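So that the names make sense, note that chain A is the first sequence line, chain B the second, and so on, each numbered from 1. Every value quoted in this text rests on a predicted model; they were computed, and no experiment measured them.
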Amino acid sequence: MANCDETIAKLYEYLDRELSPAERREVEGHLALCPPCREHFRFEYNVLSLIGKRCRETAAPPELVARVRKMCERAPSDP
Amino acid sequence: MADRSLEQVNDPCVGAEGLTEQSRSQLEQDAIAHIDALYRTALRMTRSSSDAEDLVQETYLRAFRSLHQFAEGTNLRAWLFRIMTNTYINDYRKRQRRPTNTSLDDIEDFYLYDHLVDSVVQPQSDNPEEEVLERLTTANITDAIDELPEEFRQVVTLADVEGFSYREIADVLQIPVGTVMSRLFRARRRLRKVLYDVAIESGYIREMASDGQL
């Protein structure tokens, strides 16, 4: 069973879904038994979600979208 | 799969024929669907809305010109981001005059969490750390990202905002996956320190004095 340090070292890879199924199971096995690590993972998950959610509120200005659409109409075929 | 299409950006000999007008038009529409993501990323890279608009427009110009090189069925989004990254490096980076602080790398790994759990925040709340987070506005977060050095802004935006995998980021930035991981870790560490400082400055939290008194 992984200890706290080993589990916290995999925090971001776990949250980024970059671990193998076996590594995931090992992390989840530790989290199931360790409330402090679980709390830490949950916090970092919330930070990442918040950063994503807030930053994705920004959209391209309509004028830019219109210019790109126009450019696409005129894009010459390659020889 | 993604690698192949990305390699072709710089290879004008591949697939020059065979793109029908219909599939070109479809690819253009598919590419335009990524404009919000490209613009958000351009904004974090250039830190200027007018430069970001120019960068995105230039990216689409180059993408549409080399659309015949794109291998259909591969990763269009990563391909567009790679074109934008190359355009940025070649044309925009030299314009960036705002200095970034690249020292200060001796921050605790999980600064925000470690400090928040030690802070006294609204004791009546069941979940004080979450409440502090929720008070961070979009401007707080984008300003915090904009304080990071360029290479950190890049990976944080690609991973945490646009949700690219480590492999895709490696392809977009043309760096090894191991470098993506270490850079992303350091970027997140630094960002959490900045977010903590923002939370203090904005009065979302008050730092507890060493004697336990506020």
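- For the residue pair A:A60 and B:D36, the shortest heavy atom distance occurs at N-OD1, 2.8 Å.
- Contacts between B:L133 and chain A at a heavy-atom distance below 4.5 Å involve backbone atoms as well as side-chain atoms.
- Of the two parts of A:R42, only the side chain, counted from C-beta on, holds a non-hydrogen atom closer than 4.5 Å to a non-hydrogen atom of chain B.
- The choice from B:L136, B:L43, B:L195 that makes the most heavy-atom pairs within less than 4.5 Å of chain A is B:L136.
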Problem set entry | From CA spacing to verdict: side chain to side chain contact (heavy atoms under 4.5 Å, CB included), B:E28, A:V68 | CA-CA 10 Å; B:E28 285 169 346; A:V68 169; over 6 Å; no

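- Of all non-hydrogen atoms in B:E53 and A:L64, the two that sit nearest each other are O-CD1, 3.6 Å.
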Checklist line | Verdict with supporting geometry, A:D16 and B:L184, side chain to side chain contact (heavy atoms under 4.5 Å, CB included) | finding: CA-CA 11 Å; A:D16 292 335; B:L184 185 57; 4.1 Å; yes

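- A:E57 has its side chain out of reach of B:R40: every pair of non-hydrogen atoms, C-beta onward, lies at least 4.5 Å apart.
- Using a 4.5 Å cut-off between heavy atoms, B:L61 contacts chain A through both its backbone and its side chain.
- In plain terms, the two heavy atoms of A:L50 and B:E134 that are nearest each other are CD1-OE2, 3.9 Å.
- With a threshold of 4.5 angstrom between heavy atoms, A:L15 does not approach chain B through any atom at all.
- Of the two parts of B:R192, only the side chain, counted from C-beta on, holds a non-hydrogen atom closer than 4.5 Å to a non-hydrogen atom of chain A.
- When B:Q57, B:M181, B:E162 are compared by the number of non-hydrogen pairs under 4.5 Å with chain A, B:Q57 comes out ahead.
- Only the side chain of B:I141 comes within contact range of chain A, with heavy atoms under 4.5 Å apart.
- For B:Y113 against A:E44, the heavy-atom pair with the smallest separation is CB-OE2, 3.7 Å.
- Only the backbone of B:T137 comes within contact range of chain A, judged by heavy atoms closer than 4.5 Å.
- For the side chain to side chain contact (heavy atoms under 4.5 Å, CB included) criterion with B:T138, the lone passing option out of A:R56, A:K53, A:R54 is A:R54.
- Distance check, rounded to the nearest 0.5 Å: OG1 of A:T58 to CZ of B:R44 gives 6.5 Å.
- Under the 6.0 Å cut-off for aromatic ring centres, A:Y12 and B:F110 qualify, their centroids lying closer than that.
- The environment of CD in B:Q22 is sparse: at most 12 heavy-atom neighbours from other residues, nucleotides or ligands sit within 6.0 Å.
- Proximity to chain B is limited to the side chain of A:R67, based on heavy atoms less than 4.5 angstrom apart.
- The shortest non-hydrogen separation linking A:M71 to B:Y60 is CE-CB, 3.2 Å.
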